[in-house]
Every structure is written in C-alpha cells, then in structure tokens.
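Have a look at the structure below before the remarks.
The chains referred to below are lettered A, B, ... by the order of the sequence lines, with proteins before strands, and numbering in each begins at 1.
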Amino acid sequence: MFGLVDCNNFYASCERVFRPELEGRPVVVLSNNDGCVVARSQEAKALGLKMGVPYFQVKAEFEQRGGVACSSNYELYGDMSRRVMWYLQQRAPAVEIYSVDEAFLDLHGMQQHFDLAGWAGDVRGAVRQRTGIPVCVGVAPTKTLAKVANRLAKKDALAGMGAGVLVLDDEAQRREALSRVPVQDVWGVGHKNAGKLYAVGVRTAAQLAGVGDAWARKNLGGVVGARLLHELRGFSCSGVVVEPDVRKSVCKSRSFGQVLSEMEQVAGAVATHAARAGEILRHDGLAARLLTVTVETSRFANMPPPYSSSAQLTLPVATDDTLTLTKWAQRGLERIWRPGLRYVKAGVVLDGLERAGVNQQASLFGDVATSPARAKLMRALDALNGRFGTGAVKVAAAVPAPGTREPWGMRRNAKSPAFTTKWGELWQVKC
DNA sequence: TCTGGGGTCCTAGGACCC
DNA sequence: TCTGGGGTCCTAGGACCC
C-alpha cells in the first residue's frame, strides 16, 4: 500500500502558522511580482477566487471583502516543508518527497500490523500539532489511487465527513471512489487529454479505468497512458523513490519587476541568473556543457506581437564556473537580442550536466575554467554569499548602475518575514 | 498600468557528419 | 536503371506535474 500526504492550501497555511490573525480570513499567496494567485485558503476559495488568476483583476473586491494577500515567501515555505517531511520520515519506512507539499509513503506490509486508517489519522494529527500545517492522507494500492484517495479525503473533510483520511483497500471502495472523481482530476490527465476523453464520452475516473488499452496507448501518450490505466485498476507501476534522480537541468528565469528595453539591463538579469545557476551546479557537484539563454516580451500584448527566443550554446568544456557561464550567457543574449522591444522576462537553462571534475576533456587552448585557482575563487564566492547573503559578491555585469536598485528586481509588496530562517526576523513574543 | 517558476519527457525537422 | 543507415546538434514546441 501507498500513502499520499498532501498539505492543505500549503502556502496559505504556512502564512497562518506565524500570523494567527489570518485564521478564519480569506488569504491568498501571490506569485513573484505579486502577479497571480497561486494559493488560496478555504475562505478565499469560497469567495470564488480561481487558481492562477491575475491578482489585479480581483484585488479590489477581494480586499473589500476582508481578504489578505501575501507576497510569496519561498524561504518560509521551504523550511516548513522540511519540518513536515522530516516528521513523515520518522513515521514511515520510506518516503518520496514528491513536491514541496506532498509526499508518498511506502506502507507495504504495514496493514498486517496496523489499522491503516487509524495510523494515518494519527500521523495527520501529529503533523498538525508539531508543525501547524494541516494535511490530508490517502492510502491505496497504487500511487495514482492514493492521489485519488487523498483528493476525496480532502473533499469529505471539507463537507464535515471523515477525518481527512481515506483508505481504499478493497475492490468495492476502489470502484466507488473512481466513480466520484472527474476524469480531469486524475493524476496524469492534463488539459489536452481531458478534452480528448470528453470527446469520446469519458467523464469519470471509473470510465477512464475501463477504456481499452490500445485506445489509451494511441491517444494518451503511449506507454504513459497504459501505465495510468493499470494504476487506476489497482496494479502498481511505480514505487516510492527515496533518492531523487541526479538532476538533468538547472533553470533560472524570472519576470522583471518592470518592462526593460536596454540590453545592459536585461544582461544584468541574465548574469544574475547565470550566477545563481552556477551556484546550484557547485552545490550539487555538477558541471554543464549546454547553456541556453531565453528572453520574452509580454504574451498579452498584441502590438507589437509577442517575441520570445532562445539561443543554446555548446561550451567547449563542461563547467561550473560562474565567470565562464556569465560570459557565454552574454554571448547568447547578443544572439537573440532585438533592439526596441519591451522585454518582461529572461532566463538561463543549463543542460548536458555531468559530474564536475570527472571525465572532462581539456580544451586545446587550456580553458581557464578548469584551473585550480578558479575553483578556489568559486569556493570563496560561495562562502561569502553563504555567510553574508545571496548576492553579497556578484559579477560586475549583475551590478546595477551606481545609485540605482536592480532594474529587473521583483515587486513584492506584502512579504511576511522569514520567521524560521533569519535571526533578524524571528517571531517576537511580548510579555 | 498590472498575467509565476521550476522541472521531466517526448517529438520532429533541418543541417551536418561519417 | 538502381540512390543507405546511423548519428549529433540545434531549434522549437507540446504534454504533463507541482
């Protein structure tokens, strides 16, 4: 059996842990630049706010009805996530941290020793007590069915039924559960496939489990679709993965806080992303052979039509050196730059990752990136930024003009403190 | 005025190589 | 008259997940 623990309204719940005055009020958390609604408390959902809606479209009414909007605070959410995951790891023999707010638990063999519903309810209560985060738990013979069980546990808890826990352990329960889930809510069925399924009259997960294998293979992404059907029918096709795979890419991209048209300013953003990506490579002991730079103008403007472009460069030697990555990133930007446009976003992607220092062919001309002195410089850079904060030491291209703040910097008008990760922002208790 | 970020996996065509 | 097979690199896009 598999368990799926999913935090309820995770980002909004994190905000509430340290701001109890938000309890009972509609709360939303906004994406970077305070752009879109990315998390909603139950009260905000009840007001009809949709996931992903641009905040400016709903702001006036939401605030007038007593709603509170928070800028995203990923430092806080990351730390709260670590607390939840750490506790789950104490309770289950194997845990797959699937996302910031979800984990699969390996419960094989446990039903012989525990009443799983009771056990899951206990875990749920303990997570709430220890971290302040409410969760729901689904338990079933496959990961896909555990997702279904979790979804129904949440729905029932909201309707005042059940205890935020649902175990599907026999055929009748499985069938009943699948009949209650719309096909577009099944894990692995996205927007496009839901459309195809509706077109042939498949509306529920139960109906999906009954479509022919050949049809699924042809229309739902080949082997991916076939696996999905098996899992819905109760045959497990994937286990709990405790060790995450070695990463295959690093992507750093961000919308600017304002429209930019000067290459020097966009270059500053690109240099910042290249440096952050380099930091991640060094942290993971990896080096990149391919570097892609991307830029975009607004997708929502009609005149001039939206422009987006990318340039992929093959580096002569795989590297994790920030100065080298920055240099190549600037070249990439020059290749795709079109003057006179209103850019809103830029990014850097690193692919072709290999273990740093292993199997790297030296360049004919002795690329400086492989030199021990440069490796030492990078260690010093990381140590300084670790001690004094990200961006304490930067490449010159990422430094804004004297006396100005970063023109590409984010808007974040309502960010809560880093309650758990910065000494200066700890919760204050007044006696 | 204002519309997120970070991933994985797959497909496909053109240029080029042997 | 008969015109291959296998590979990489690049760009672009589509599907899915959170």
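Note that A:Arg331 lies in the cation-pi zone of A:Trp328, set by a 6.0 Å cut-off to the ring centre and a 45° limit from the axis.
Residue-to-nucleotide proximity on DNA chain B shows that, of A:Val344 and A:Lys252, the 5′-proximal contact is made by A:Val344. With DNA chain B read from its 5' end, the first of the two nearest nucleotides for A:Asp34 and A:Ser249 is the one closest to A:Asp34. Taking the nucleotide of DNA chain C with the nearest heavy atom to each of A:Arg289 and A:Ser310, the more 5' of the two is matched to A:Arg289. Residue whose closest nucleotide on DNA chain C sits further toward the 5' end, between A:Thr314 and A:Gly190: A:Thr314.
In this structure, A:Leu290 atom CG and C:dC9 atom P are separated by 8 Å, rounded to whole Å. Following rounding to the nearest Å, A:Trp328 (CH2) and C:dC10 (P) show an atom-to-atom distance of 11 Å. Residue A:Arg247 contributes atom CZ, which lies 5 Å from atom P of B:dG7 at whole-angstrom precision. For A:Leu228 and B:dC9, the CG to P distance is 17 Å, given to the nearest whole Å. To the nearest angstrom, C1' of C:dC10 lies 12 Å from CG of A:Asp351. Rounded to whole Å, the distance from CZ on A:Arg151 to C1' on C:dC17 is 13 Å. Summarising the geometry, the separation between NE2 on A:His273 and C1' on B:dG6 is reported as 12 Å, rounded to the nearest angstrom. Atom pair A:Asn219:CG and C:dG14:C1' shows a separation of 16 Å (rounding to whole Å applied).
Within 4.0 Å (heavy atoms only), A:Val186 reaches sugar-phosphate atoms of the nucleic acid but no base atom. Heavy atoms of A:Tyr98 sit under 4.0 angstrom from primed sugar atoms or phosphate atoms, though from no base atom. The residue A:Val53 sits apart from the nucleic acid: no heavy atom pair falls under 4.0 Å. Backbone-only contact: A:Asn193 has heavy atoms under 4.0 Å from sugar-phosphate atoms and none from a base. Using a 4.0 Å heavy-atom cutoff across all strands shown, A:Lys196 reaches no nucleic acid atom at all. A:Lys345 comes within 4.0 angstrom of the backbone, heavy atoms only, and of no base.
Among B:dC2, B:dG4, C:dC10, the nucleotide with an atom closest to any side-chain atom of A:Arg411 is B:dC2. Of the candidates B:dG4, B:dC2, B:dG6, the closest approach to any side-chain atom of A:Phe56 belongs to B:dC2. Comparing atom distances between the A:Ser31 side chain and each of B:dG6, B:dG4, C:dA12 picks out B:dG4 as nearest. Listed nucleotides: B:dT3, C:dC18, B:dC9. Nearest to the side chain of A:Lys248: B:dC9. Across C:dC9, B:dT3, B:dT8, the shortest atom-to-atom separation from the side chain of A:Gln57 is found for B:dT3. Checking C:dC9, B:dT3, C:dA15 against the side-chain heavy atoms of A:Lys192 singles out C:dA15 as nearest. Of the candidate nucleotides B:dG7, C:dA12, C:dC18, C:dC18 has the atom lying nearest to any side-chain atom of A:Trp187. Of the candidates C:dC16, C:dC18, B:dG5, the closest approach to any side-chain atom of A:His191 belongs to C:dC16. Comparing C:dT11, B:dG6, B:dG4 against the side chain of A:Ser253 picks out B:dG6 as the nearest. Distances from the side chain of A:Cys36 to the nucleotides B:dT8, B:dT3, C:dT11 place B:dT3 closest.
The residues A:Asp321 and A:Lys327 are annotated as not salt-bridged, no charged nitrogen and carboxylate oxygen being separated by less than 4.0 angstrom. One finds a salt bridge joining A:Asp6 and A:Lys154 here, because a Lys/Arg side-chain nitrogen approaches an Asp/Glu carboxylate oxygen to under 4.0 Å.
In this structure the side chain of A:Arg128 never reaches within 4.5 angstrom of the side chain of A:Ile133, judged on heavy atoms.
Regarding contacts with the backbone of C:dC16, every side-chain N or O of A:Arg227 stays at 4.0 angstrom or more from both OP1 and OP2. Neither OP1 nor OP2 of B:dG4 sits under 4.0 Å from any side-chain N or O of A:Ser72. The shortest distance between the side-chain N/O atoms of A:Arg412 and the OP1/OP2 oxygens of B:dG4 is not below 4.0 Å.
In summary, the side chains of A:Asp101 and A:Ser99 do present a donor paired with an acceptor at a separation below 3.5 Å, with no hydrogens or angles considered. Counting only N and O atoms by type, the side chains of A:Lys394 and A:Asn385 include no donor and acceptor under 3.5 Å apart.
Nucleotide B:dC16 has C:dG7 as its partner under the Watson-Crick or G-U criteria, with both atom distances under 3.5 Å.
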A:Gln265 vs A:Tyr343, side chain to side chain donor-acceptor pair (under 3.5 Å): CA-CA, chis, key distance, verdict: CA-CA 10 Å; A:Gln265 297 184 328; A:Tyr343 295 92; over 6 Å; no
